Amino acid sequence: MSTAPATAEPAASSSDLAVRLRGIGKRFPGVIANDDINIDVRRGTIHAIVGENGAGKSTLMKILYGVQAPDSGTIEVNGSEVNLHSPSDAIKVGVGMVFQHFMLADNLTVLENVVLGAEGLHGIGGKARAEIQRISDAYGLGIQPDRLVEELGVGARQRVEILKVLYRGARIIILDEPTAVLVPQEVDELFGNLRELKAEGLSVIFISHKLDEVLSVADEITVIRRGTTVRTVTDTAGVTARQLAELMVGSELPSPSTEASTVTDQVLLRVRDLSLPSDDGRPLLDSISFEIHRGEVLGIAGVEGNGQAELVESIMGMRPTARGLVEVDGVDFSARTTRERREDGIGYIPEDRHRHGLLLDSPLWENRMLGHQSRPPSVKHGLIDKGAARADTQRIIEEYDVRTPGPDVLARALSGGNQQKLIVGREMSSDPTLLIAAHPTRGVDVGAQAAIWQHIKDARRRGLAVLLISADLDELIGLSDRIEVILRGSFVGTFDPDDVTPERLGSAMTGAGEGK
Amino acid sequence: MGLGLASAALALLAAFAITSLVLLAAGDPVGDVWAQLLKWPEQRNWANIINNACTLYLSALAVAVGFRMNLFNIGVDGQYRVAAFTAAVVAGEAWLPGYLNTAFAIICAMAVGAVWAGIAGVLRASRGVSEVISTIMLNFIATYLVAYLLREAAVKEEGSNQIATKEIPEGSWIPGIPFGDFEIYGFVVIAILCGVAFWFVLNRTRFGFDLRATGQSSTAAIASGINVKRMTLGAMMISGAVAGLVGLPIIFGESHSYGSTFQSGLGFAGIAVALLGRNHPVGIALGALLFAYLDEQSNPLQILVGVSPQIVAITQGVIVLTVVISYELVRRYGLRLEQREVARALNAERTAKAEEVSA
């Protein structure tokens with residue numbers, strides 16, 4: 001592969017450069033987010049920036065978009081040095097950003113969303129509509145200005161976000177993990193749009209950690225690790241995803257693949273006709289039935305918001321309006337409280353660790369007790385045994401490699417990956433028979449991800465039944481023994497992970513494909 | 001701990017500075033006012049300070065129970081008056097002899113306080129009605145309900161416009177504790193026991209953990225299996241039961257009846273003291289003593305310096321604001337320190353490993 005050290009002078013002359021970053025550094029309390037970052041983005045290219053979660057990509061982009069000021073280093077846009085103090089400064093020099101979470105008002109039309117805050121450019125009426133139409137046609141975005149945003153799908157909303165940025169005159173567009181919310185088909189459309197932008201001479205900065213996608217669309221790739229630029233790859237044809245990943249991690253790669261099947265014929269979790277009505281009539285869960293055997297991992301694939309969170313919360317007893325049978329190991333759990341379900345063998349790794357998994361302002365040993373406050377070792381006869389709780393927290397810290405000075409640190413002071421390892425350790429420590437893992441490696445770095453996968457695999461070998469919800473299709477395919485696809489609150493297809501591709505799962509997730 | 005003390009000292013200094021500015025602006029003698037306020041109190045004044053701090057302390061504990069669960073019980077004021085009235089009537093009737101009568105009256109007061117606060121708890125748990133609104137409304141109801149019932153239950157004193165409940169028999173009074181030439185309420189002992197129980201229940205029992213967890217994050221509490229609705233009702237009722245004790249030092253130690261001039265407003269002062277004491281039993285004790293001290297020292301201001309004692313109410317209000325602000329600043333600073341500590345420890349670990357590898 002042909003790579004150039006990031007610090008070397010660029011091959012292209014500086015007049016070709018849309019963006020030139022030199023020596024960018026940014027420190028947060030206790031964390032060095034960016035340290036000596038050097039990147040050249042050539043005009044008319046798609047430049048990808050890849051790195052693990054927490055490598056400092058988002059911080060770098062916030063600096064380039066004027067959201068945060070760097071502590072050191074210089075930013076040049078189109079050959080002249082700029083000082084960006086706010087996003088409006090960035091827009092003035094032609095830098096626009098599309099955030100991962102869309103910032104659109106659902107109850108307004110596309111036109112209204114686009115002109116909101118930019119009324120001075122082309123007004124809010126016919127001229128603005130004509131301009132939107134012109135941009136949409138020029139870049140093949142296919143946007144109708146008068147549709148309500150709430151009627152649009154995820155892909156179309158993203159195109160509206162891109163159009164918003166173009167409408168404000170951006171010539172350099174930053175996309176922060178744009179494919180995270182898209183199914184594979186929509187990703188292809190997005191890449192088509194990006195190539196149109198490139199052809200018109202715009203520059204695109206594309207942030208991702210999905211390497212296959214990066215390789216298929218980017219002209220140049222910069223790898224960031226631990227806040228600093230490791231390499232810039234200028235010849236993307238000569239590099240493989242694996243090589244990139246190893247640059248990202250700085251070591252050999254883990255893979256989520258399972259070993260020999262450990263599925264037994266003993267049913268552990270039986271769910272029958274589980275339904276969850278909603279206020280607006282359309283049920284959130286519609287008569288879902290399935291079984292998980294001991295030693296089996298059942299993966300649930302689906303576009304977010306199709307009932308995954310509701311399914312998990314219903315099985316956990318957190319949804320009082322849920323109807324249907326939930327049976328664990330032959331015992332009817334349907335009428336039990338969340339605490340009883342936890343006591344009787346369900347371990348729960350929640351989707352949103354900050355909202356559901358942790359007390360951020362409490363020390364780690366108190367977080368060790370959370371969800372286990374009715375069981376030893378932390379609590380005896382209704383009294384807290386602080387010594388035992390701290391000792392067991394220390395055990396989890398060691399066994400699960402939680403990076404912390406000790407069990408008295410507040411949970412908030414840990415990084416996301418270490419918080420997640422603590423949660424996994426906690427849920428495993430009570431010897432559950434069923435583990436519900438919702439996005440267990442979301443926002444977790446590759447090292448922690450590999451460790452968490454290993455813990456799930458070990459538990460499965462010991463006979464644990466696992467319900468795995470994940471948005472990461474590779475993780476689902478790699479860990480699951482069986483995959484169910486959920487769409488609008490129903491299971492719409494069963495797949496065998498040994499002969500399914502992310503594309504086929506993607507079709508099923510959008511309702512376009514076939515199940516079997 | 002050091003940080004906490006520093007922040008409290010800083011907040012007090014700021015509050016004194018602001019009060020001085022108010023005095024200056026009004027053209028009052030700043031030096032004389034402080035000389036009076038900061039003069040070492042007489043023994044008689046100390047007895048008064050401790051007695052007032054006792055009621056303030058109980059009131060603030062009641063508020064703090066709610067705060068720990070993220071519930072804002074503004075209704076302590078109504079709860080303690082309903083409860084004190086109940087205790088006075090029950091003890092005055094003297095169905096039981098001696099201290100049995102006292103104990104029974106105290107239990108009745110706590111029960112009534114718990115039920116009165118429980119109304120707000122039920123509304124919050126079942127209907128999502130904000131406890132702030134419902135407890136304020138219950139305060140009004142309490143005021144007029146007690147006024148109405150007092151007229152029904154009162155015994156008329158000869159030659160006086162005041163009405164009060166039947167006097168409690170002397171055998172059921174709670175005797176004072178000698179304090180030099182004076183006496184302080186015997187109820188001080190019960191208040192201290194309440195503080196110890198508060199600390200123990202919150203920090204050492206599962207129930208206390210559940211309560212604190214719910215206060216920090218109700219979503220995490222639900223996921224961990226805590227029945228948040230039941231905790232809401234429980235916390236509200238405990239808060240009300242403690243509030244039921246607030247008026248009792250006066251009833252059993254001083255007035256021996258509930259009259260139309262019974263002290264009101266203790267519940268609101270308790271909110272300020274709870275904030276000042278950071279919902280910690282020792283902090284609340286210090287806060288209660290400080291507020292009682294300022295109140296006592298301000299009494300002669302009008303006569304000696306010619307300044308309205310209301311200036312002290314301004315000081316108290318400013319103290320609460322500066323304390324809240326400085327606690328928040330110190331909390332953020334502490335968190336930053338800790339994050340840096342974590343990063344430093346991890347970096348040291350990483351370097352140590354790297355050296356091991358290279359060696």
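Residue numbers start from 1 in every chain, and the chains themselves are labelled A, B, ... in the order their sequence lines are given, proteins ahead of strands. Keep in mind that what you see is a predicted model, and the values were worked out from it rather than measured.
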Does A/R339 pair with B/D210 as a salt bridge, N-O distance under 4.0 Å?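 Salt bridge between A/R339 and B/D210, a charged N being under 4.0 Å from a carboxylate O: yes.
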For [X] and [Y], work out which heavy atoms get closest and say how close.
X      : Y      : result
A/L358 : B/A220 : O-CB, 3.7 Å
A/L370 : B/F209 : N-CZ, 4.0 Å
A/D361 : B/Q216 : N-OE1, 3.3 Å
B/I222 : A/T338 : O-CG2, 3.7 Å

Options B/R204, B/R212, B/R331, ranked by heavy-atom pairs under 4.5 Å with chain A, top entry: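 Of the options given, most contacts go to B/R204.
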For A/R342 and B/A223, indicate whether the former's side chain and the latter's backbone hold a donor-acceptor pair under 3.5 Å.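 Yes; judged by distance alone, with no hydrogens or angles, the pair exists.
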side-chain contact (heavy atoms from CB on, under 4.5 Å) for A/R355 and B/S217? Distances and angles first, verdict last. CA-CA 7 Å; A/R355 270 171 60 79; B/S217 167; 5.9 Å; no
A/V379 portion near chain B, given a 4.5 angstrom heavy-atom threshold: side chain
Pairwise side-chain contact, B/F207 with A/L383, heavy-atom cut-off 4.5 Å (strictly under):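 Answer no - side chains too far apart.
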Any side-chain heavy atom of B/I226 sitting closer than 4.5 Å to one from A/Q373? yes
Residue part contacting chain A, namely of B/N203, when any heavy atom lies under 4.5 Å: backbone
